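Bear in mind that the values here come from a model prediction, so they are computed numbers and not experimental data.
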Amino acid sequence: MSLEGKTSVDPFIGRRLGGRFELVAFIDAGGMGRVYEAIQHPLNRRCAVKILDMRDAYSEAAQKRFYREACVSARLTHPNTVKIFDYGHEDDGIYFIAMEFLVGESLRHLSDREGALPPDRAAHILRQICSALSEAHESQLVHRDLKLSNIFLTTHGDNTDFVKVLDFGLVIELLSDDRVTRSGIAVGSPMFMSPEQISAEEIDARTDVYALGV
């Protein structure tokens with residue numbers, strides 16, 4: 001099966017992954033795969049399921065990055081970081097991550113619609129991103145792909161700009177000997193990449209600070 005392109009009949013709709021996560025609707029596609037709305041059985045919990053792009057599913061490096069994203073995200077408990085519920089793979093090579101379902105929009109969509117935000121609103125959003133990154137950096141984790149589309153705004157209580165930092169697919173663990181994300185090849189989103197990231201040099205938490213500034 002290929003995930004390339006969007007067809008009128010999505011072969012994943014109605015499929016139950018891990019025996020628990022029933023895919024009910026397509027949400028969006030990204031660099032590493034596709035995201036679906038799902039129902040977790042038997043809890044009847046609404047969630048989102050990210051599926052690794054089948055073009056990369058048989059790449060050992062892609063599988064490791066996907067597994068790393070699940071493991072790292074599951075370790076982070078900050079309320080402004082997306083929550084991970086489960087990770088798994090099927091016999092036919094489908095790799096998936098189940099996470100909390102969010103209602104709202106990305107900072108990219110908000111920026112495209114409204115342009116520059118009022119300073120107070122921008123500062124409110126930035127403080128929450130900084131708070132989430134602080135936990136990651138204290139755990140020696142660098143996101144490496146911080147950008148407008150990976151910042152999601154939802155409503156939590158009376159906070160209508162409640163931040164969720166998404167997509168730890170390019171995360172790097174500074175104290176790890178696993179070199180899967182240190183290939184010497186520049187990875188990330190060029191518009192937000194620091195000079196050392198573009199040059200594929202060693203990076204640290206300042207790489208995320210640079211992206212946040214951009």
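- Between Ile51 and Leu17, some side-chain heavy-atom pair lies under the 4.5 Å cut-off.
- The structure places CG of Leu76 at 6.0 Å from CG of Leu141, a figure rounded to the nearest 0.5 Å.
- We find the CG-CG distance between Leu117 and Leu110 to be 5.0 Å, quoted to the nearest 0.5 Å.
- Put simply, the side chain of Asn80 gets close to the backbone of Val163: a donor and an acceptor are under 3.5 Å apart.
- Both Phe66 and Met99 belong to a common hydrophobic cluster when Ile, Leu, Val, Met, Phe, Trp and Tyr are linked at side-chain heavy-atom distances under 4.5 angstrom.
- In this structure the side chain of His78 reaches within 4.5 angstrom of the side chain of Ser131, judged on heavy atoms.
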Worked check of side-chain contact (heavy atoms from CB on, under 4.5 Å) between Asp86 and Gln40: CA-CA 10 Å; Asp86 203 355; Gln40 180 183 358; over 6 Å; no
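- The salt bridge (Lys or Arg N to Asp or Glu O under 4.0 Å) pairs that include a residue from residues 94-106 are Glu100-Lys164, Glu105-Arg113, where partners are two or more places apart or lie in different chains.
- With respect to Lys64 and Glu60, a salt bridge is recorded, a charged nitrogen being found less than 4.0 Å from a carboxylate O.
- Within the 4.5 Å cutoff, the side chain of Glu69 has no heavy atoms near those of the Tyr87 side chain.
- Remark: side-chain polar atoms of Glu90 are paired, donor with acceptor, to backbone N or O of Gly18 under 3.5 angstrom.
- Using a 4.5 Å cut-off between side-chain heavy atoms of Ile, Leu, Val, Met, Phe, Trp and Tyr, with links allowed through other members, Val35 and Ile84 fall into different hydrophobic clusters.
- Contact annotation: the side chain of Ile39 approaches that of Asn44 to within less than 4.5 Å [non-hydrogen atoms, C-beta and beyond].
- Between the Ser139 side chain and the Glu135 main chain, a donor and an acceptor come within less than 3.5 Å of each other.
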Under the side-chain contact (heavy atoms from CB on, under 4.5 Å) criterion, do Leu126 and Leu212 qualify, and how do the steps go? CA-CA 8 Å; Leu126 287 169; Leu212 182 62; 3.5 Å; yes
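- A chain of hydrophobic side-chain contacts below 4.5 Å, direct or via other Ile, Leu, Val, Met, Phe, Trp or Tyr residues, connects Met191 to Leu148.
- When the options Phe96, Phe26, Phe101 are evaluated for a ring pair (Phe, Tyr, Trp, His ring centres under 6.0 Å) with Tyr36, the one that passes is Phe26.
- Listed by first then second residue, pairs satisfying ring pair (Phe, Tyr, Trp, His ring centres under 6.0 Å) with a partner in residues 105-156 read His143-Phe168, His156-Phe162, not counting sequence neighbours.
- Taken to the nearest 0.5 Å, the CD1 atom of Ile172 stands 13.0 Å off from the CG atom of Asp145.
- In this structure, the side chains of Ile151 and Leu166 stay at 4.5 Å or more apart for every pair of heavy atoms.
- Distance check: Arg127 CZ to Ser134 OG gives 15.0 Å after rounding to the nearest 0.5 Å.
- With contacts defined as side-chain heavy-atom distances shorter than 4.5 Å, the pair Lys50/Asp167 qualifies.
- In this structure, the side chain of Gln128 engages the main chain of Asp161 through a donor-acceptor pair within 3.5 Å.
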With side-chain contact (heavy atoms from CB on, under 4.5 Å) as the test, would you mind laying out the steps for Arg144 and Gln197 before giving the verdict? CA-CA 8 Å; Arg144 277 207 310 177; Gln197 190 176 3; 3.9 Å; yes
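- Rounded to the nearest 0.5 Å, atoms CD (Gln140) and CD (Glu138) are 9.5 Å apart.
- Crowding of Arg16 atom CZ: a count of heavy atoms from other residues, nucleotides or ligands under 6.0 Å exceeding 12.
- Scanning both residues, Ala38 and Leu23, for their nearest heavy atoms gives CB-CD2, 3.9 Å.
- Between Glu196 and Thr207 there is a side-chain heavy-atom pair separated by less than 4.5 Å.
- Under the 4.5 Å side-chain heavy-atom criterion for ILVMFWY residues, a single connected hydrophobic cluster contains both Ile13 and Val49.
- With rounding to the nearest 0.5 angstrom, the OG atom of Ser106 is 10.5 Å from the NZ atom of Lys147.
- Linking Ile, Leu, Val, Met, Phe, Trp and Tyr whenever their side-chain heavy atoms come within less than 4.5 Å puts Phe192 and Leu107 in one cluster.
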Apply the test side-chain contact (heavy atoms from CB on, under 4.5 Å) to residues Asn150 and Val165: give CA-CA distance (whole Å), side-chain angles for both, the deciding distance (0.1 Å), then the verdict. CA-CA 6 Å; Asn150 282 340; Val165 177; 5.9 Å; no
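- By the 4.5 Å heavy-atom criterion applied to side chains, Tyr210 and Leu146 are not counted as neighbours.
- Taking Arg108 as the reference, nothing meets the side chain to side chain donor-acceptor pair (under 3.5 Å) condition, with sequence neighbours excluded.
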